[in-house]
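In this text the structure is predicted, and so the values were computed from the model without any measurement. The chain is numbered in sequence order, starting from 1.
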Amino acid sequence: MAPSRALRTLVSAAVGGLIAIAAAAPAIAMVPSDPGTGLAGGTTPAVPEEPRPPLLPADFQGTGRYIVRDLGIDVPFTWQGRDGDSQMIAGGPEYPIWFTNLIYHNTLYTLTYKWPGIPPIPPQPCHQVGFFNRQILNDLLKTARFVGPEILQGDDDRYVDHWRVGVVAGFTQPGAFPRIPLALGDVYVDQRDPSRWRQVLQFGIQNLYDPALDEWFTMNTFRHRPGQVTLPDRCPPPTA
């Protein structure tokens with residue numbers, strides 16, 4: 001997702017990216033206090049079945065835009081996957097930002113070439129964050145909370161399911177315990193196919209380079225066919 005010293009997903013991704021994350025309570029269903037006020041005959045309406053959570057496929061090609069609204073940045077964005085590896089690229093040498101995030105051979109990488117306030121000399125190193133793969137990401141996405149169906153308006157309206165996934169440091173039990181929200185992502189996937197990603201909004205410490213701590217990407221195309229994933233020369237080989 002966005003470039004940072006530790007982790008850049010998703011959630012396209014994504015995200016690849018980006019993304020990547022688990023906290024947000026689902027909407028509370030309104031249940032009549034008097035059973036007799038339900039449907040005719042005293043029956044209670046059935047609870048709608050929750051759709052399938054987002055899923056990152058093994059092979060895909062996507063194009064769109066990467067947006068950092070508070071910095072006035074709106075640049076081209078690609079997200080591709082091949083055999084479970086994946087790569088996000090935002091911007092380029094002619095744009096105000098340029099970075100790539102990869103899941104490559106069970107290893108997570110992030111490399112920032114260009115960002116406002118980051119000096120070009122010396123060049124930023126490629127950060128080998130650690131062991132990570134598509135299976136770990138999809139397991140995390142299974143913990144996402146369903147927000148509801150929505151319509152993303154544009155040249156063509158896109159019918160999506162909105163999911164929220166986050167990472168919180170601290171106690172996991174409810175009550176008056178200290179907690180620190182680390183990362184939060186809103187993932188929008190096609191209602192008919194949760195492996196077809198449409199948009200990701202990410203907020204948290206993974207966006208340290210952005211003063212507002214929020215960045216997002218939107219996909220104009222997303223096809224289920226093998227893409228191209230290339231580890232930059234500046235990145236060390238995977239250790240896994």
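In this structure, the separation between CD on Glu50 and CZ on Arg145 is 9.0 Å, given to the nearest 0.5 Å. Taking CD from Glu150 and CD from Gln191, the interatomic distance works out to 9.5 Å, rounded to the nearest 0.5 Å. Asn101 contributes atom CG, which lies 7.0 Å from atom CG of Leu108 (distance to the nearest 0.5 angstrom). Interatomic distance, Thr218 OG1 to Arg65 CZ, rounded to the nearest 0.5 Å: 10.5 Å. The distance from atom CG of Asn133 to atom CD1 of Ile136, rounded to the nearest 0.5 Å, is 4.0 Å. Distance check: Ile103 CD1 to Phe131 CZ gives 11.0 Å after rounding to the nearest 0.5 Å.
The nearest pair of heavy atoms linking Val229 to Tyr104 is CG1-CD1, 4.0 Å. The heavy-atom pair separating Leu111 from Cys235 by the smallest distance is CD2-SG, 4.3 Å. Closest heavy-atom contact between Leu141 and Leu56: CD1-N, 4.4 Å. The minimum heavy-atom distance between Asp214 and Asn207, with the atom names listed, is N-CB, 4.2 Å. Of all heavy-atom pairs spanning Val75 and Gly91, the tightest one is CG2-N, 3.5 Å. Closest non-hydrogen pair, Leu208 versus Leu213, comes out as CA-CD2, 4.2 Å.
Atom CZ of Arg179 has more than 12 neighbouring heavy atoms from other residues, nucleotides or ligands inside a 6.0 Å radius. Within a 6.0 Å sphere centred on CG of Asp157, other residues, nucleotides and ligands contribute more than 12 heavy atoms.
At a threshold of 4.5 Å between non-hydrogen side-chain atoms, the residues Val200 and Tyr188 do not count as touching. Met219 is not listed as a side-chain neighbour of Arg198, based on a closest heavy-atom distance of 4.5 Å or more. The shortest distance between side-chain heavy atoms of Phe146 and Asp161 falls below 4.5 Å. Considering only heavy atoms from C-beta on, Leu231 stays 4.5 Å or farther from Cys126 through its side chain. Under the 4.5 Å side-chain criterion, counting only non-hydrogen atoms from C-beta, Tyr66 is not in contact with Pro76. Contact of the Trp216 side chain with the Arg69 side chain is registered, since non-hydrogen atoms from C-beta on lie closer than 4.5 Å. Between Thr107 and Phe132, the closest side-chain pair of non-hydrogen atoms is not below 4.5 Å. Side-chain atoms of Arg134 and Ser86, non-hydrogen and from C-beta on, never get closer than 4.5 Å to each other.
The backbone N or O of Tyr95 sits less than 3.5 Å from a side-chain atom of Lys114, completing a donor-acceptor pair. Counting only distance, with no hydrogens or angles, the side chain of Gln87 and the backbone of Thr230 share a donor-acceptor pair below 3.5 Å.
Linking ILVMFWY residues whenever their side-chain heavy atoms come closer than 4.5 Å, directly or via other members, leaves Leu184 and Phe171 in distinct clusters. Leu201 and Tyr159 fall into different hydrophobic clusters, where Ile, Leu, Val, Met, Phe, Trp and Tyr side chains are chained together by heavy-atom contacts under 4.5 Å. When the side chains of ILVMFWY residues are joined at heavy-atom separations under 4.5 Å, either directly or via intervening members, Ile67 and Phe222 end up in two distinct hydrophobic clusters. Taken together through direct or relayed side-chain contacts under 4.5 Å among Ile, Leu, Val, Met, Phe, Trp and Tyr, Leu55 and Val165 form parts of separate hydrophobic clusters. Criterion: ILVMFWY side-chain heavy atoms under 4.5 Å apart, direct or through other members. Under it, Ile73 and Phe77 are part of a common hydrophobic cluster.
Remark: the Tyr113 side chain and the Gln124 side chain contain no N/O donor-acceptor pair separated by less than 3.5 Å. Donor-acceptor pairing under 3.5 Å is recorded for the side chains of Gln128 and Tyr109. Between the side chains of Thr63 and Thr221, at least one donor-acceptor pair of N or O atoms lies under 3.5 Å.
Aromatic pair Phe99/Tyr209: ring centres not closer than 6.0 Å.
Using a 4.0 Å cut-off between charged nitrogen and carboxylate oxygen, Arg158 and Asp190 do not count as a salt-bridge pair. A salt bridge does not link Asp59 to Arg82: none of the charged side-chain nitrogens sits closer than 4.0 Å to a carboxylate oxygen. In this structure, Asp139 pairs ionically with Lys142, as a charged nitrogen and a carboxylate oxygen lie closer than 4.0 Å.
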Mind running side chain to side chain contact (heavy atoms under 4.5 Å, CB included) on Asp70 and Asp210 for me, showing each step along the way? CA-CA 8 Å; Asp70 59 301; Asp210 174 23; 2.6 Å; yes
Between Val129 and Thr110, does the side chain to side chain contact (heavy atoms under 4.5 Å, CB included) criterion hold? Intermediate values first, please. CA-CA 7 Å; Val129 181; Thr110 177; 4.0 Å; yes
With side chain to side chain contact (heavy atoms under 4.5 Å, CB included) as the test, would you mind laying out the steps for Val187 and Val189 before giving the verdict? CA-CA 7 Å; Val187 179; Val189 293; 4.0 Å; yes
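Under the side chain to side chain donor-acceptor pair (under 3.5 Å) criterion, Ser195 pairs with Asp193, His224, sequence neighbours left out.
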